[in-house]
Amino acid sequence: MRSDIPTDANLRAAIVDNLLKQYEQGKLFDSYRDNYPTYEKFKHSGLAVQLLPYIQDLSKPIDALNAAIDIAEACKVDELQEELVNLALDSSQSIYLRASAAKAICTVGNASARLRLKSLIFSQMPEDEDDQLKGYIFRAIWSDHLPVEELFNVLTPPKKRNFTGSYRVFLDFELVPKLQPCDLLVALKWVEKQGIRCFGHSFEILADAIMLKAWEHLDLTDIAESFTKVALIQWREDQKIITFDDEIQAQFELSLVNNIENRRKLVEQAVITVSQSGENIFFLLDSLTQNILSTEDVFWMLGKLQNVDSQQERIWAALIQWKFNRQDVKQIDAILTATQTNNILREEFVYYVSIIDLDSMQAEKSRSDYQEMQERIARRQKPILDPPPKEQVLLFLEQLESGNLLAWWQINREMLLKPDSKFYEKELESDLTKLPGWQEADRKTRERIINGAKKYIQEYNQVVDDWIGTNTYDRPALAGCKALLLLLQETPEFLDTISSEIWQRWASVIVAFPHSSTTQREDYYTELVKRAYLNAPSETLNTLLSIINNENEEQSYISILYKFEKCWDEPFKAVILEKAKDATIKPECIGQLLEELLKRESIGAREFAKSIVSISLPLEEEAHQKAVVAGRVLVECAEPTSWAVIWSAIHQNTDFGREVFEAVAYRYSHGLHLKLTEKQLADLYIWLVCQYPHAEDADHSNDVLAHNMGARESVANLRDSVLTQLRETGTSQACIEIECISEQFPKLTWLKRTLLNAQNVTRRKTWQPLQPEQILKIVSNKPKNQSTQIQAGVFIMQGSNNPNLNFSGSVGGVNVNSTVNGDQIGTQHNYAQEQNIIETFEEIQQIVNRITQNPTPTEEEKQIIVVEAVEQVKQNPTLRKRLELGGKAFIFEGLQKVSDMWWVSPLVKAIEAGVKGE
């Protein structure tokens, strides 16, 4: 279907017939209409007659009917429009088919057929849950058969807010382009009736599109007034005119700036409307001065003070006061001049134009306001540190080099500062190279800092660890860890020279360093922990266990294990497993320890987890929670041989099983890849469907905002991911299991599509193309008749995994009497090169046969035959063209692999040499 199809009507009819039969037999599905673009290639003179029985016989499977409708639409078979309209109007039929029929009418229907659909838009159609039928009807009749007044009277919010189907597409993208300028007044009045529009409004995109189109025609009668009324509704609630798309919103605001005529028309109409309403004008002042008016509009607004009523005059005066540029002398002069003749403007600017006594309260307030403004400006300016941090670093370096080891941690602290810093920020940053002090330092200073780090870790021997496990820390101790990290980055070879005694001194500090940034997971830090573990294992592990105990007690969560990413040797695993068995460790912490162990294939940890789950249920609360956690970890780290334990526990106690899988789903709400066999996956899916039926899944199709995913929704996603994994396994056993699932849940009809998809995945993963020598082996003996050749070609096309495609009758470029059998449709492959080998072989064989007189030629005769054959090949334009199209190298390689024909190798070499010579 994805390749070219000959124009022969009989062949096309045979393909369509087989295609529809496969849909009818449930062997083919097209849930996402992936095949639709290929249907137009099936058009032939008898297509209407061929499709009619499917469209009329509504007892056939929906998929077959829908495919027939799609083919009629794609091939523009207008002879079927009456049947399609009747189907769309038939309320007793599937809404899915009715929508497909209406969609086809949008393409093949004439004016009369489209008009017949109009009656449906006035009915409720509760069965049209997705508004698909409704959307296609609007597409068919708007705007030729539906006046604009009727259109906006029958528009209703989509039944499902979050479903993007034909009705949503019509509203958002198809309605407004066909809206004529003379229709805009009706459209704007409809938008006004919608009230305030903001995020989540059902008609937000449609209303935006109407407003944008109206903005382009603001000069038409009454459009500006109606547009302004809608704008005022938005402004009263601090909303913008265009609300949905930020990019379109920005473009509209740019148009407000550039289109002076429209902008001023909008402002003037807004002033008139608000003055007549008598409402508080603050919202208008704020909206217009923030988003609409420019300071350049001040002179225009001064002109508007003439010949208007007093209420409008007050609004204009307030707008001028809000928007004028206090630095523009020309604007100030114009305003002062206008205040001499306009009392309302003078009242608005009384603060600016009145004479103020320097000893008055008003003057005092002005001085106070000015002083406060200056203080705010001063506060915004950052003071420069004196002395600069760079000098402080050098000062402490001198002290360190003179023997004051505690100067090292002070160097660390000063390196945190910039010249204008106010605080010592990020004091727990372990990477000194990220600090301003390092980045501002020159090469010589950096060398001194590195040498200072070496000196500190070797000579400082008063390291304390009593802060570990508390909410405090010791700066000199942390400075040692920072020094080691700096040396690991800048001079890693130095760390190899450090004695075990020094590592033992600093190991606890390295492990307990209280990171507070993303650097805690960087490679250099885990490498330092690894070195501490290798050089001071006792100190490292004792500190780790101490911290685990503390976190278990205080947080019920272990956050330190990430630091030991590179330390998981067998002794380390043994220590962690022993800690997991500690009776004082809480359930969640046991889960963390077991999870880390199972990730690293600890056999002992798996056996321990199985032992917890195997204990008879129910248990007292803490033991029960430990069993749930162990079960969760065994599911997350599942493997086929140990699955029986958790599976048995689940069947023994359904409530326990639900707890386990809800705990898994909480952590993996979008699914989890389970290392299970196909049968185990299928059994798990069946159990999950029984416990969490699809019919009980939450429906969020009408949610406006994002929602928190609860346990039920999470476990439904996990359930579906199990089936997805089974489908994508790509094995025949997976297909068998899905077929069994489908039989167990016959009401879940979509499982048949899942089975078909699984079969496609299996074919895709297991299919192997034939090699050239295999192809030539098929045709190495001269075919006795044309049918043999065709069968060989079909075998080549299909490979070893596809059903047969048999042709009978005469075969030629045009006249083909064809019968397409089996599941061939949808699984064709490109076999042009292989077919070229066949045809090239056949033609050269005929040339050799014509030349050869002796059935057993001598060597001399063979040379003569080859020379003559090469000459005839050169003189045969069809054969030469075939060599070009097939690719000489590919055909030469394929022909040379045939060993039972004496002429092949010398002939190919001769042809190849001749081609290269040319």
Side-chain angles (χ1 to χ4, degrees), residues 389 392-417 424 426-435 437-438 441 444-516 519-520 524-544 546-547 563:
Q392 288 289 87
V393 170
L394 294 174
L395 176 64
F396 285 118
L397 274 173
E398 291 179 2
Q399 294 182 19
L400 176 62
E401 291 162 351
S402 299
N404 179 12
L405 294 177
L406 291 177
W408 171 250
W409 75 261
Q410 293 174 299
I411 292 172
N412 292 182
R413 202 159 183 252
E414 292 301 319
M415 290 173 68
L416 295 168
L417 301 176
Y424 290 100
K426 298 182 179 179
E427 193 165 353
L428 295 180
E429 174 59 67
S430 59
D431 186 355
L432 295 180
T433 65
K434 292 183 177 181
L435 303 184
W438 178 269
K444 184 177 180 180
T445 302
R446 289 184 178 184
E447 289 178 357
R448 293 176 67 187
I449 293 172
I450 291 171
N451 290 331
K454 294 177 181 179
K455 182 180 181 67
Y456 187 71
I457 63 166
Q458 288 179 310
E459 299 180 16
Y460 188 74
N461 57 13
Q462 299 179 19
V463 182
V464 297
D465 59 8
D466 54 356
W467 54 274
I468 296 176
T470 69
N471 291 324
T472 63
Y473 55 87
D474 182 73
R475 287 192 177 99
L478 299 190
C481 183
K482 294 178 183 180
L484 287 163
L485 288 166
L486 176 65
L487 295 173
L488 179 61
Q489 289 178 278
E490 301 298 322
T491 59
E493 66 281 355
F494 175 78
L495 295 185
D496 297 330
T497 68
I498 298 176
S499 66
S500 297
E501 181 184 355
I502 293 176
W503 280 110
Q504 292 166 8
R505 184 190 307 160
W506 293 106
S508 295
V509 176
I510 294 170
V511 172
F513 192 97
H515 289 284
S516 61
T519 59
Q520 58 189 348
Y524 70 84
Y525 178 75
T526 55
E527 175 63 24
L528 184 61
V529 173
K530 172 187 172 183
R531 294 193 179 214
Y533 171 62
L534 294 176
N535 289 281
S538 296
E539 290 76 11
T540 302
L541 291 173
N542 288 338
T543 305
L544 168 62
S546 173
I547 293 175
K563 297 182 178 183

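Positions are given from 1 along the sequence. Values below: every heavy atom of this structure, side chains too, minus hydrogens, waters and symmetry copies. The structure displayed is predicted, hence computed values, not measured ones.
Shortest non-hydrogen contact noted between A477 and V464 is CB-O, 4.1 Å. In terms of heavy atoms, T540 sits closest to A507 at OG1-CB, 3.8 Å. Between Y456 and P476 the shortest heavy-atom distance is OH-O, 2.7 Å. Scanning both residues, A532 and I510, for their nearest heavy atoms gives CB-CD1, 4.0 Å. Taking both residues in full, the closest heavy atoms of A441 and R446 are given as O-NE, 3.5 Å, listed atom of the first, atom of the second, then distance.
For E493, the CD atom sits in a packed shell: over 12 heavy atoms of surrounding residues, nucleotides or ligands are nearer than 6.0 Å. The number of heavy atoms from other shown groups lying within 6.0 Å of CG (N471) does not exceed 12.
Atoms CG and CD, from D474 and Q462 in turn, are 10.5 Å apart once rounded to the nearest 0.5 Å. L435 contributes atom CG, which lies 9.5 Å from atom CG of L417 (distance to the nearest 0.5 angstrom). The distance from the CG atom of L405 to the OH atom of Y460 is 8.5 Å, given to the nearest 0.5 Å. Residue L478 holds its CG atom at 6.5 Å from NZ of K482, rounded to the nearest 0.5 Å. Here the CG-NZ distance, from L544 to K563, works out to 9.5 Å after rounding to the nearest 0.5 Å. Rounding to the nearest 0.5 Å gives a distance of 9.5 Å between CD of E459 and CD1 of I502.
In this structure, the side chains of L528 and C481 come closer than 4.5 Å at one or more pairs of heavy atoms. You'll find the side chain of S508 reaches within 4.5 Å of the side chain of I468, heavy atoms only. In this structure, F396 and V393 have side chains that are not in contact, with every pair of non-hydrogen atoms separated by 4.5 Å or more. Under the 4.5 Å side-chain criterion, counting only non-hydrogen atoms from C-beta, T433 is not in contact with M415. Side-chain contact between N451 and R448: absent, with no pair of heavy atoms (C-beta onward) separated by less than 4.5 Å. For the pair Y473/R475, a side-chain contact is recorded, criterion being any heavy-atom separation below 4.5 Å from C-beta on. Contact annotation: the side chain of T445 never approaches that of W438 to less than 4.5 Å [non-hydrogen atoms, C-beta and beyond]. Looking only at side-chain heavy atoms (C-beta outward), W408 and I449 come within less than 4.5 Å of each other.
Using a distance-only test at 3.5 Å, with no hydrogens or angles considered, no donor-acceptor pair links the side chain of S546 to the main chain of N542. In this structure, R413 contributes its side chain and E427 its backbone to no donor-acceptor pair below 3.5 Å. Put simply, the side chain of W506 never gets that close to the backbone of W503: no donor and acceptor are under 3.5 Å apart.
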Test log, rule side chain to side chain contact (heavy atoms under 4.5 Å, CB included), inputs R531 and L534: CA-CA 5 Å; R531 294 193 179 214; L534 294 176; 5.8 Å; no

L406 and Q399: CA distance, side-chain angles, deciding distance, side chain to side chain contact (heavy atoms under 4.5 Å, CB included) verdict: CA-CA 9 Å; L406 291 177; Q399 294 182 19; over 6 Å; no

Verdict with supporting geometry, V509 and L484, side chain to side chain contact (heavy atoms under 4.5 Å, CB included): CA-CA 11 Å; V509 176; L484 287 163; over 6 Å; no

Residues D431, K426; criterion salt bridge (Lys or Arg N to Asp or Glu O under 4.0 Å); working and verdict: CA-CA 11 Å; D431 186 355; K426 298 182 179 179; over 6 Å; no

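With a 6.0 Å cutoff to the six-membered ring centre and a 45° limit on the axis angle, K454 counts as a cation-pi contact of F494.
A salt bridge does not link R505 with D465: every distance from a Lys NZ or Arg NE/NH1/NH2 to an Asp or Glu carboxylate oxygen is 4.0 Å or more.
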